[in-house]
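Here the structure comes first, spelled out in structure tokens, and everything after it is commentary.
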Amino acid sequence: MSPSSCSYCDKTSFLRDDESGALICSSCGCIQQFDQFEAQIGGIDGPQGTFIHVGTAGSGSVYSYRERKHFNGKSTIEEVTYSLGLSSKNSDVRSMVYTITDGEFGQGEWFRVLIGACAYVVMRREDRPLPMAEIASTVGCDIYEIGKMIQRVVDFLDLRPDFPEFDIVHSLERTIKNSSVFSSVESGVIEKMRKQGVFLIQCAVKWFLSTGRRPLPLVVAVLVFVAELNGIVVVMEELAKEVHATVSTCRLRYKELLETLVKAAQVLPWGKDVTVKNIVKNAPLVIRYMERKVMLNPGETQEKRKGLDRAAVDLEDVVAECLRHDNEFEYGVDGVTSRKDLQYFSLESKRDADRMQISTECLSVMYKKFLDQNRCAEPLRGSGNARKRIIFQFDILECREWWDGKSELSKKLMLKELMEKDVGVDTMPPSFVNGQLKCKMRKEKINAAKLRIKRIMHPVDANLGDVSVPLDSSCPERRRKRKGMVVDDVDWEDLIIETLVLHQVKDEEIEKGHYNTLLDLHVFNSGIV
């Protein structure tokens with residue numbers, strides 16, 4: 001079928017090319033488009049199309065919808081477990097997902113969350129738990145959503161009676177092994193840091209620093225402290241980012257760890273001089289003391305236990321150090337060598353001299369031998385002239401290696417065994433202590449609110465001129481002068497407490513600090529404006 005006229009020049013003379021079969025205008029030479037077009041009209045004899053229905057993938061596919069869903073589900077499980085480094089546990093996770101979904105698996109974001117929850121439960125049952133924040137980051141959800149899913153999995157499989165506690169020791173070992181922060185550190189130093197970290201983190205558990213808290217910030221705090229002890233620079237922000245922990249919480253756990261170590265250092269002769277600022281330099285002796293304390297058997301005598309309260313010094317190293325230097329005798333444990341009394345290193349009693357089995361004659365012979373070999377050293381005799389002292393320099397930390405790693409706390413212990421150990425200091429949970437301080441502060445605010453209400457309602461009976469409102473030490477007293485009068489400075493919390501007192505709310509309920517709930521229950525729903 002040929003066109004009636006050319007679409008370019010409107011001429012009616014055409015030629016057909018022998019090779020291509022195209023129709024060409026003899027006047028302008030343009031190829032005519034659509035001259036061989038055939039309409040595809042369906043009918044009884046027309047071409048048959050491909051029919052697609054639910055359950056197939058089109059022409060050539062032999063897989064059903066259920067088979068493709070199973071294949072995609074298994075692929076997703078392999079992807080998630082590989083991202084978490086659990087390729088060896090792929091079959092266990094797949095079996096748990098199969099049991100929960102009755103063999104149907106699934107698709108979508110919820111299915112990835114379910115896989116992450118099953119991976120967490122599998123590793124938790126083997127006492128090798130994964131950080132929940134790491135799983136949430138891998139599957140693409142928040143930590144609260146993965147936590148709810150984990151709880152549903154545990155309840156569905158009825159695992160709660162035998163579900164083990166979170167193993168914070170394994171979390172520390174996994175972090176120090178896999179973290180890129182410690183990739184450049186030698187293997188021997190890493191093993192030493194691991195043992196020190198296990199020791200300190202179990203002490204932190206005994207000190208209730210992990211009670212009711214997320215474990216990863218405490219892991220970061222211990223690793224940063226141990227790295228600093230071994231002269232390794234670790235940025236807390238980088239380590240916290242790797243383990244998906246909040247930096248501010250890590251700093252708070254680090255501060256609590258330092259404060260508790262300062263309490264443990266009070267048994268040292270110079271314990272009163274140990275503060276949070278210099279505890280890192282004093283930590284070797286503190287940790288050594290705690291290690292010796294743990295290694296004592298329950299049947300040890302009291303004399304042996306009292307001997308631990310004095311810093312052990314190798315006198316042979318002390319004498320050798322004194323003979324090598326011609327400086328004033330000093331010792332330092334806080335980085336700056338400072339002059340101290342010799343009473344910390346002298347023989348405190350005749351019992352110590354007898355225990356060391358050194359006679360006075362032997363000491364006299366050693367002293368004369370020292371004078372013969374060192375002619376420049378004059379004996380210290382009393383004279384009228386100002387006597388020149390021989391100054392020696394001595395660092396107590398160089399006497400011996402402070403870390404032995406032989407105590408039981410260097411290995412993982414059960415919680416019951418851990419709580420029975422004596423590490424030199426016992427503390428209360430920081431959350432409990434802070435809660436008690438806040439309750440005490442609220443109680444004082446309640447009393448102050450009652451006095452203000454009494455002054456307004458009964459000005460004659462409320463003689464507040466001689467009454468002082470007690471304030472907690474953590475809440476400094478704030479006052480301002482106005483026309484010669486001293487007026488208590490109240491804040492929003494004081495006003496809320498005053499409102500609750502006016503609505504006759506019990507003091508015990510106000511002390512708990514749930515102000516929003518109390519306002520909704522007693523103020524807005526009470527009918528009193």
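Ile176 approaches Ile190 most closely through the heavy-atom pair CD1-O, 4.0 Å. Annotation for Gly197 and Val222: closest pair O-CG1, 3.7 Å, computed over non-hydrogen atoms. When every heavy atom of Leu229 is checked against every heavy atom of Pro284, the shortest pair comes out as CD2-CD, 4.2 Å.
The environment of Phe71 atom CZ is sparse: at most 12 non-hydrogen atoms of other residues, nucleotides or ligands sit within 6.0 angstrom. For Asp426, the CG atom is loosely surrounded, since the number of other residues' heavy atoms within 6.0 Å does not exceed 12. In this structure, Phe166 places its CZ atom where more than 12 heavy-atom neighbours from other residues, nucleotides or ligands lie under 6.0 Å away.
The main-chain N or O of Val262 is found under 3.5 Å from a side-chain atom of Gln266 such that the two form a donor-acceptor pair. Judged by distance alone, with hydrogens and angles left aside, the side-chain atoms of Asn278 form a donor-acceptor pair with the main-chain N or O of Asp273 at under 3.5 Å. A side-chain donor-acceptor contact under 3.5 Å links Ser183 to the backbone of Ser180. Ser179 places a side-chain N or O within 3.5 Å of a backbone atom of Val181 that can act as its donor or acceptor partner. No donor-acceptor pair closer than 3.5 Å links the side chain of Trp207 to the backbone N or O of Pro430.
Between Met236 and Cys250, the closest side-chain pair of non-hydrogen atoms falls below 4.5 Å. At least one side-chain heavy atom of Val501 sits under 4.5 Å from a side-chain heavy atom of Ile453. Looking only at side-chain heavy atoms (C-beta outward), Lys440 and Glu444 come within less than 4.5 Å of each other. Side-chain contact between His70 and Arg66 is present, with at least one heavy-atom pair separated by less than 4.5 Å. Inter-residue side-chain proximity for Leu216 and Ser171 is flagged as met; some heavy-atom pair is nearer than 4.5 Å. Between Met96 and Leu157, some side-chain heavy-atom pair lies under the 4.5 Å cut-off. Looking only at side-chain heavy atoms (C-beta outward), Val233 and Glu228 stay at 4.5 Å or farther from each other. The side-chain heavy atoms of Met193 and Phe182, taken from C-beta on, include a pair separated by under 4.5 Å.
To the nearest 0.5 Å, the span separating CD on Glu79 from CG on Asn72 amounts to 11.0 Å. Rounding to the nearest 0.5 Å places NE2 of His522 at 13.5 Å from CG of Leu502. With rounding to the nearest 0.5 Å, the separation of CG in Leu130 from CD1 in Ile135 is 4.5 Å. Taken from CG in Leu519 to CZ in Phe524, the straight-line distance is 5.5 Å, to the nearest 0.5 Å. Taking CG of Leu261 as the start and CG of Asn282 as the end, the distance is 10.5 Å to the nearest 0.5 Å. Rounding to the nearest 0.5 angstrom, the gap separating the CD1 atom in Ile496 from the NZ atom in Lys445 is 10.5 Å.
With sequence neighbours excluded, no residue forms a ring pair (Phe, Tyr, Trp, His ring centres under 6.0 Å) with His170. Here Arg214 pairs with nothing under the salt bridge (charged side-chain N to carboxylate O under 4.0 Å, His left out) rule; sequence neighbours left out. Residues satisfying the side-chain contact (heavy atoms from CB on, under 4.5 Å) test with Thr499, not counting sequence neighbours, are His503, Val523. When the side-chain hydrogen bond (donor to acceptor under 3.5 Å, both in side chains) test is applied to Ser83, no partner is found at least two apart in sequence or on another chain. Listed by chain and number, the residues in a salt bridge (charged side-chain N to carboxylate O under 4.0 Å, His left out) with Glu498 are Arg452 (sequence neighbours excluded). For Asn434, there are no side-chain contact (heavy atoms from CB on, under 4.5 Å) partners, not counting sequence neighbours. Scored by the side-chain hydrogen bond (donor to acceptor under 3.5 Å, both in side chains) test, Asp155 finds Arg160 as partners (sequence neighbours excluded).
Listed by first and then second residue, the salt bridge (charged side-chain N to carboxylate O under 4.0 Å, His left out) pairs involving residues 243-256 are Arg213-Glu256, Glu237-Arg251, Arg253-Glu256 (not counting sequence neighbours). Evaluation of the side chain to side chain donor-acceptor pair (under 3.5 Å) test over residues 132-143, restricted to residues two or more places apart or in two chains, returns Glu134-Arg174. The stretch residues 87-97 participates, sequence neighbours left out, in these side chain to side chain donor-acceptor pair (under 3.5 Å) pairs: Lys89-Glu126. Pairs passing the salt bridge (charged side-chain N to carboxylate O under 4.0 Å, His left out) check and including a residue from residues 499-519, sequence neighbours excluded, read Lys450-Asp507.
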Considering only distance and modelled atom types, tabulate donor-acceptor pairs under 3.5 Å from the side chains of residues 104-120, sequence neighbours left out.
from: Glu104; atom 1: OE1; to: Lys69; atom 2: NZ; distance (Å): 3.4
from: Trp110; atom 1: NE1; to: Gln107; atom 2: O; distance (Å): 2.8
from: Tyr120; atom 1: OH; to: Arg124; atom 2: NH1; distance (Å): 2.6

Worksheet item: How far apart are the C-alpha atoms of Leu172 and Val169, what are their side-chain angles, what is the distance that settles it, and do they pass the side chain to side chain contact (heavy atoms under 4.5 Å, CB included) test?
Response: CA-CA 5 Å; Leu172 182 138; Val169 175; 5.8 Å; no
Worksheet item: Between Leu495 and Asp491, does a side chain to side chain contact (heavy atoms under 4.5 Å, CB included) hold up when you go through it step by step?
Response: CA-CA 7 Å; Leu495 297 177; Asp491 54 10; over 6 Å; no
Item to complete: Tell me, with the steps shown, if Phe156 and Arg152 meet side chain to side chain contact (heavy atoms under 4.5 Å, CB included).
Response: CA-CA 6 Å; Phe156 181 83; Arg152 293 177 63 183; over 6 Å; no
Worksheet item: Between Val220 and Tyr254, is a side chain to side chain contact (heavy atoms under 4.5 Å, CB included) present by the stated rule, with each step listed?
Response: CA-CA 8 Å; Val220 173; Tyr254 185 77; over 6 Å; no
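Donor-acceptor pairing under 3.5 Å is recorded for the side chains of Gln196 and Asn230.
Between Glu145 and Lys148, none of the side-chain N atoms (NZ, or NE/NH1/NH2) sits under 4.0 Å from a carboxylate O, so this pair counts as no salt bridge.
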